[in-house]
Asker: 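Below you'll find the structure I mean.
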Amino acid sequence: MTTATAAQIDARPPSRLLTLAEPGRAMSELASFYALRPLMNALPRGDGHGVLVLPGFMASDYSTAPLRRLLCDLGYDCAGWNLGRNVRVDQARIEAMMACVDEVHDRTGRPISIVGWSLGGVFARELAKLSPDKVRLVISLGSPISDDRNHTNARRLFEYLNGREPEVMKGGNFQKLAEAPPVPTTSILTRSDGVVHWRGSVQRCGREDCENIEVLASHCGLGVNPAAVYAIADRLAQAEGEWKPFSAPLWARLLFPQRALQ
């Protein structure tokens, strides 16, 4: 039995205790983000390439605004999706997101990076599969990238709103979520995630440019968690075509647990 198969059989949502702790922890992470915001201007600078940031399930661009403003200040041409709340998964929504990719790509004249939070990370990966020539890097934050929805406690609400087989799956897309896109791909995850079980966010593609980065965070605070933000800035700052695995500096090693993700 492979590790991936074992993980699917063991699929389960996070504990209720972690779920109940999400709001308070996320608020603490947001406070930490703003407290450290002046220091974040010293994070690795960007080369001006486009970055599209996608929100999580039931969220909107409002949730990604702090991260997008920071990325803009670091020198990226950063954009939200401008599609309202992330609720429905249908063909019209996929086409609208593809238009977002095309717009940022055409405006900047080069491949873009896509950062997706939770369900937004699933979208980021699938968009990169559809247009790999327009995407240079994908970063997902606490995303349910397993093919088994039992890893998330949002499964019932998602299926109530989209059905057990969303329209896009009937069209042949979104059939192999665990399969990484053909571009460098980073999954940032946390073992204390209260929405998506951390095992559902682990990449097991076996490629060097397909990595997992563990941080100490909540699910709802990942987009503003200082350690996660550092990792995002580090990944985005790599020169195109010169990707290397993430390596935390000595002073930050405690923020990035080096544990086996099985």
Side-chain angles (χ1 to χ4, degrees), residues 19 22-23 26-27 29-30 33-34 50-73 76-108 112-131 134-135 137-145 149 152-171 173-174 177 181 188 193-196 201 218-225 228-229 232 236:
T19 303
E22 278 286 328
M27 290 301 296
E29 286 163 293
L30 181 61
F33 175 88
Y34 281 115
V51 180
L52 177 63
V53 184
L54 307 177
F57 183 47
M58 302 300 292
S60 68
D61 282 334
Y62 181 80
S63 66
T64 65
L67 176 60
R68 285 186 288 111
R69 283 194 290 265
L70 171 62
L71 295 180
C72 286
D73 288 347
Y76 298 97
D77 190 327
C78 193
W81 75 343
N82 295 314
L83 296 175
R85 289 194 175 276
N86 188 348
V87 178
R88 293 282 295 164
V89 183
D90 53 26
Q91 193 58 40
R93 179 51 58 93
I94 298 304
E95 292 174 0
M97 287 191 291
M98 287 300 298
C100 291
V101 172
D102 292 342
E103 193 278 327
V104 179
H105 175 269
D106 292 346
R107 185 176 71 242
T108 58
I112 72 171
S113 294
I114 310 179
V115 179
W117 194 344
S118 196
L119 180 58
V122 176
F123 288 157
R125 291 163 61 93
E126 296 304 303
L127 291 172
K129 293 176 188 178
L130 293 171
S131 291
K134 295 182 179 180
V135 180
L137 174 71
V138 169
I139 301 174
S140 59
L141 307 174
S143 298
I145 59 176
R149 289 191 199 125
T152 172
N153 57 25
R155 177 182 65 84
R156 291 184 180 180
L157 178 58
F158 177 85
E159 292 181 351
Y160 173 78
L161 295 169
N162 294 281
R164 297 194 65 180
E165 187 179 15
E167 179 184 324
V168 291
M169 293 182 67
K170 297 175 183 177
N173 297 319
F174 287 64
L177 300 184
I188 298 177
D193 194 311
V195 177
V196 177
S201 297
S218 67
H219 181 88
C220 295
L222 268 170
V224 291
N225 177 276
V229 169
I232 292 170
L236 291 176

Asker: Give a yes-or-no answer on whether the side chains of Asp193 and Ser201 include a donor-acceptor pair shorter than 3.5 Å.
Answerer: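 No, Ser201 and Asp193 have no side-chain donor paired with an acceptor closer than 3.5 Å.
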
Asker: Could you walk me through whether Leu157 and Phe57 pass the side chain to side chain contact (heavy atoms under 4.5 Å, CB included) test, one step at a time?
Answerer: CA-CA 10 Å; Leu157 178 58; Phe57 183 47; 3.9 Å; yes

Asker: Distance from Leu222 atom CG to Ser140 atom OG, nearest 0.5 Å?
Answerer: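 Atom-to-atom, Leu222:CG and Ser140:OG are 10.0 Å apart.
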
Asker: CZ of Arg125 to CD1 of Ile145: how many Å apart, nearest 0.5 Å?
Answerer: 4.0 Å

Asker: So, do Leu177 and Glu126 sit near enough that their side-chain heavy atoms are less than 4.5 Å apart?
Answerer: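 When only atoms from C-beta onward are counted, Glu126 and Leu177 do touch, with a gap below 4.5 Å.
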
Asker: How far does CG of Asn86 sit from CH2 of Trp81, to the nearest 0.5 angstrom?
Answerer: 3.5 Å

Asker: Identify the two heavy atoms, one from Ser218 and one from Glu22, that lie closest to each other, and give their separation to 0.1 Å.
Answerer: CB-OE1, 3.5 Å

Asker: Any chance CZ of Arg156 has more than 12 other-residue heavy atoms, nucleotides or ligands included, within less than 6.0 Å?
Answerer: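 Open: at most 12 neighbouring heavy atoms sit under 6.0 Å from CZ of Arg156.
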
Asker: Leu130 versus Ile94: any side-chain heavy-atom pair under 4.5 Å?
Answerer: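 Yes. Closest side-chain heavy atoms under 4.5 Å.
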
Asker: Applying the side chain to side chain contact (heavy atoms under 4.5 Å, CB included) test to Val224, which of Thr64, Leu67, Leu30 qualifies?
Answerer: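 With Val224 as partner, Thr64, Leu67, Leu30 yield a single side chain to side chain contact (heavy atoms under 4.5 Å, CB included), made by Leu30.
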
Asker: Could you pull out the closest heavy-atom pair between Gly221 and Ala26, with the gap in Å?
Answerer: N-CB, 3.9 Å

Asker: When rounded to the nearest 0.5 angstrom, what distance separates CE in Met98 from NE2 in His105?
Answerer: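 It is 11.0 Å, given to the nearest 0.5 Å.
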
Asker: Within the structure provided, determine whether Pro55 and Ser60 are in side-chain contact (heavy-atom separation under 4.5 Å).
Answerer: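 In short, these two side chains do not touch, never coming nearer than 4.5 Å.
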
Asker: Which heavy-atom pair separates Ser143 from Gly116 by the least distance, and what is that distance?
Answerer: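 In this case the closest contact between Ser143 and Gly116 is OG-O, 3.8 Å.
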
Asker: Apply the side chain to side chain contact (heavy atoms under 4.5 Å, CB included) test between Met97 and each candidate in Leu83, Ile114, Asp102; give the one that qualifies.
Answerer: Leu83

Asker: If every non-hydrogen atom of Leu52 is compared with every non-hydrogen atom of Cys100, which pair is closest and at what distance?
Answerer: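 Closest heavy-atom pair between Leu52 and Cys100: CD2-CB, 4.0 Å.
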
Asker: Under a 3.5 Å distance rule, please check whether Asp61 uses its side chain to pair with a backbone N or O of Gly80 as donor and acceptor.
Answerer: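 It does not hold such a pair.
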
Asker: Report the C-alpha separation of Phe33 and Leu70 in whole Å, then their side-chain angles, then the decisive distance to 0.1 Å, and conclude whether the side chain to side chain contact (heavy atoms under 4.5 Å, CB included) test is met.
Answerer: CA-CA 10 Å; Phe33 175 88; Leu70 171 62; 4.2 Å; yes

Asker: Check for a donor-acceptor pair, side chain of Asp90 on one end and backbone N or O of Asn162 on the other, with a separation under 3.5 Å.
Answerer: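 It does not hold such a pair.
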
Asker: Please give me the minimum heavy-atom distance between Leu119 and Phe158, naming the atom from each residue.
Answerer: CD2-CE1, 4.2 Å

Asker: I need the Arg69 CZ to Asp73 CG distance, nearest 0.5 Å.
Answerer: 9.5 Å

Asker: Out of Val115, Ile139, Asn225, which residue meets the side chain to side chain contact (heavy atoms under 4.5 Å, CB included) rule with Ile188?
Answerer: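 Passing option: Ile139.
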
Asker: Can you name the nearest heavy-atom pair linking Met58 to Arg85, along with the distance?
Answerer: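 What the structure gives for the nearest pair is O-NH1, 2.6 Å.
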
Asker: Are any side-chain N or O atoms of Arg107 and backbone N or O atoms of Gly50, one a donor and one an acceptor, separated by less than 3.5 Å?
Answerer: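 No, because the side chain of Arg107 does not come within donor-acceptor range (under 3.5 Å) of the backbone of Gly50.
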
Asker: Going from OG on Ser113 to CG on Asp77, what distance comes out if it is rounded to the nearest 0.5 angstrom?
Answerer: 11.5 Å

Asker: As a quick check of understanding, evaluate side chain to side chain contact (heavy atoms under 4.5 Å, CB included) for Ile232 and Leu141, giving each step before the final call.
Answerer: CA-CA 9 Å; Ile232 292 170; Leu141 307 174; 3.9 Å; yes

Asker: Look only at the side chain of Arg88 and the backbone of Leu161, and say whether a donor-acceptor pair between them is shorter than 3.5 Å.
Answerer: yes

